[in-house]
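Throughout, a chain's letter reflects where its sequence line sits, starting with A, and its residues are numbered from 1.
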There are 2 protein chains.
Amino acid sequence: MQQARRPGGRSARVRQQVHEAVLDLLSEQDWHSLSIPQIAERSGVHQATVYRRWGTLEALVDDVVMERLSQESPVPDTGSLRGDLEAYAVQLAADVAGPLGPLYVRAAQISTRTQEHQTYLVDRAVQLQDMLERAAKRGEGSPDLLEFMEVIIAPVYYHAMFFNRPIGPDHARTLVDRLLRLRK
Amino acid sequence: MQQARRPGGRSARVRQQVHEAVLDLLSEQDWHSLSIPQIAERSGVHQATVYRRWGTLEALVDDVVMERLSQESPVPDTGSLRGDLEAYAVQLAADVAGPLGPLYVRAAQISTRTQEHQTYLVDRAVQLQDMLERAAKRGEGSPDLLEFMEVIIAPVYYHAMFFNRPIGPDHARTLVDRLLRLRK
DNA sequence: GGGCTAACGCAAGGAACTTCGCGTTAAAGT
DNA sequence: ACTTTAACGCGAAGTTCCTTGCGTTAGCCC
């Protein structure tokens with residue numbers, strides 16, 4: 001998506017209508033059966049408009065994903081490492097198991113990642129790094145970022161993608177326990 | 001894919017030609033730009049034949065994947081738990097980072113998994129379970145299957161999907177160390 | 001070897017997706 | 001308010017994908 005030179009009023013309204021149509025359709029069917037003609041019809045926006053603005057279905061859903069991600073809550077800051085880790089794991093598990101889950105996964109994959117999303121991920125990594133450093137400053141033995149990603153984040157994605165039931169709060173706690181145990 | 005009632009000679013040859021074309025094309029371009037007309041042209045097999053036998057591109061690549069998986073080496077049996085774990089992790093990392101990696105991931109995902117692949121995964125899980133039990137019988141403190149999947153397999157997939165460089169033997173050893181450390 | 005018919009090749013037809021030209025609307029700047 | 005033109009709506013044309021009917025080839029069974 002190129003820079004909008006006239007983003008006010010009508011364009012913003014069209015964008016919102018199309019985004020809503022995507023979310024709407026995604027709650028009824030899965031991502032593989034989505035199409036631009038279908039989204040155009042549902043949104044009331046003409047096909048040609050969608051094609052001209054986003055070009056492809058992939059670019060459109062990437063835009064929707066970025067819109068959601070930009071509105072999401074920041075990384076937790078509960079005052080304890082365990083609290084932060086659990087809160088993050090539970091939230092991530094919910095996101096990735098929700099109706100937009102496959103889209104989040106797709107947008108983050110290295111082979112399909114946009115520059116915009118890359119920037120987001122780097123920023124997010126910095127926030128997580130900060131979260132871990134806050135714990136370290138409190139004197140809690142803190143894992144490094146890679147360890148956190150491999151022991152917490154990777155299994156969360158793994159369960160959502162390869163198993164039927166996503167990780168719940170109970171299992172999230174198991175993952176956090178495991179990570180904390182490694183630090184002793 | 002339904003049961004073949006006349007799988008000899010010509011049909012087998014067609015199947016092989018199509019499979020080779022898929023592998024061939026996949027070494028030059030990525031999976032998202034594959035198409036059945038393209039595969040038909042490359043293989044010398046007529047489009048209509050491909051459509052009639054496999055129906056969709058997804059079913060075709062699933063067939064290719066199953067073919068490869070059925071030829072793969074069994075789970076390692078090196079005589080030590082560490083040896084088995086490292087061998088498995090390195091092999092998995094290589095597979096999932098190779099040109100067929102995205103196809104393996106796709107075939108295994110819960111939302112796109114076929115019955116045939118499900119059967120394969122269950123069988124594979126049993127083999128891994130056996131591998132872990134062999135270690136237990138040798139007196140080595142052995143992790144359970146879930147722990148193995150979360151600490152070893154999940155990070156391997158995670159790296160292949162979300163990072164540029166796949167896990168190498170050195171990093172695989174780090175993962176194995178981590179798992180073994182948890183058992184003490 | 002001979003009959004039966006599954007599986008294939010071929011070409012036409014249909015369906016879905018995508019692009020394009022042109023007139024209209026309305027956002028942005030003066 | 002007025003001008004400029006980006007962005008949209010509309011319909012047609014173009015492209016790619018997928019299906020279908022029919023004749024031909026060759027695998028399987030007797």
Side-chain angles (χ1 to χ4, degrees), chain A residues 1-22 24-26 28-64 66-67 102-103 106 112 114 116, chain B residues 1-22 24-26 28-64 66-67 102-103 106 112 114 116:
Chain A
M1 256 190 94
Q2 78 288 356
Q3 183 65 10
R5 298 160 66 179
R6 201 175 274 183
R10 185 171 59 168
S11 288
R13 196 159 49 247
V14 163
R15 182 164 185 263
Q16 185 184 352
Q17 284 171 8
V18 170
H19 280 210
E20 281 174 5
V22 170
D24 195 25
L25 288 168
L26 233 42
E28 319 174 349
Q29 54 182 295
D30 84 11
W31 132 259
H32 294 97
S33 61
L34 265 188
S35 73
I36 288 183
Q38 187 186 24
I39 293 165
E41 188 181 10
R42 177 67 66 103
S43 65
V45 172
H46 200 274
Q47 291 193 16
T49 300
V50 179
Y51 278 111
R52 270 192 275 253
R53 274 191 75 165
W54 289 279
T56 67
L57 181 63
E58 288 73 24
L60 170 54
V61 298
D62 282 344
D63 189 41
V64 172
M66 282 309 303
E67 177 66 24
L103 268 53
R106 186 196 166 280
T112 52
T114 64
E116 190 184 12
Chain B
M1 257 193 90
Q2 78 288 358
Q3 183 67 10
R5 297 159 67 175
R6 200 175 273 183
R10 184 171 58 169
S11 288
R13 196 159 50 248
V14 163
R15 182 164 185 262
Q16 185 185 350
Q17 285 171 7
V18 170
H19 279 209
E20 282 174 5
V22 170
D24 195 25
L25 289 167
L26 234 42
E28 321 174 347
Q29 55 181 300
D30 84 10
W31 133 259
H32 295 96
S33 60
L34 265 189
S35 72
I36 287 184
Q38 186 186 26
I39 293 165
E41 187 181 10
R42 177 67 66 102
S43 65
V45 172
H46 200 275
Q47 289 193 19
T49 299
V50 179
Y51 279 112
R52 270 192 273 253
R53 275 191 74 165
W54 288 280
T56 66
L57 181 62
E58 288 72 25
L60 170 54
V61 299
D62 282 344
D63 189 41
V64 172
M66 281 310 302
E67 177 66 23
L103 268 53
R106 186 196 166 279
T112 53
T114 64
E116 190 185 11

query = Judged by atom type as modelled, is there a donor-acceptor pair below 3.5 Å linking the side chain of A/Ser43 to the main-chain atoms of A/Ala21?
reply = no
ask   = Do any side-chain nitrogens or oxygens of B/Ser35 fall under 4.0 Å of OP1 or OP2 in D/dC17?
value = yes
ask   = Rounding to a whole Å, what distance do you find between A/Arg13:CZ and D/dG9:C1'?
value = 14 Å
key: Whole-Å gap separating C1' (C/dA7) and CD (B/Gln16)   = 17 Å
inquiry  = Taking atom types as they are modelled, would you say the side chain of B/Arg10 forms a donor-acceptor pair with the base of D/dA26 within the 3.5 Å cutoff?
reply    = no
inquiry  = Rounded to whole Å, how long is the line connecting atom CD of A/Gln17 with atom C1' of D/dG9?
reply    = 13 Å
note = On DNA chain C, more 5' by nearest nucleotide between A/Pro37 and A/Ala48 is A/Pro37
remark   = Whole-Å distance, A/Gln47 CD to C/dA15 C1', equals 13 Å
inquiry  = I need the NE2-P distance between B/His46 and D/dC17, as an integer number of Å.
reply    = 14 Å
message = So, OP1 or OP2 of D/dT19: does either fall under 4.0 Å of a side-chain N or O from B/Tyr51?
response = no
query = Under 4.5 Å between any side-chain heavy atoms of B/Arg53 and B/Val18, yes or no?
reply = no
query = Can you check the B/Arg15 CZ to C/dA7 P distance for me, whole Å?
reply = 13 Å
ask   = Side-chain donor or acceptor of B/Arg52 under 3.5 Å from a matching atom on the base of C/dG9?
value = yes
query = In whole angstroms, how far is the P atom of D/dC18 from the CH2 atom of B/Trp54?
reply = 15 Å
message = Please tell me if A/Ser11 has a side-chain N or O lying less than 4.0 Å from either OP1 or OP2 of D/dC8.
response = yes
message = Both A/Val14 and B/Gly55 contact DNA chain D. Taking the nearest nucleotide for each, which residue is further toward the 5' end?
response = A/Val14
ask   = What do the steps show when you test A/Val64 against A/Trp54 for side-chain contact (heavy atoms from CB on, under 4.5 Å), and what is the final call?
value = CA-CA 11 Å; A/Val64 172; A/Trp54 289 279; over 6 Å; no
inquiry  = Between C1' on C/dC17 and CG on B/Leu57, what's the gap in Å once rounded to a whole number?
reply    = 16 Å
message = Before you tell me yes or no, could you show the steps for B/Arg15 and B/Asp63 under side-chain contact (heavy atoms from CB on, under 4.5 Å), namely the whole-Å CA-CA distance, both residues' side-chain angles and the distance that decides it to 0.1 Å?
response = CA-CA 10 Å; B/Arg15 182 164 185 262; B/Asp63 189 41; 3.1 Å; yes
request  = Taking atom CD of B/Glu41 as the centre, report whether more than 12 heavy atoms of other residues, nucleotides or ligands fall under 6.0 Å from it.
outcome  = no
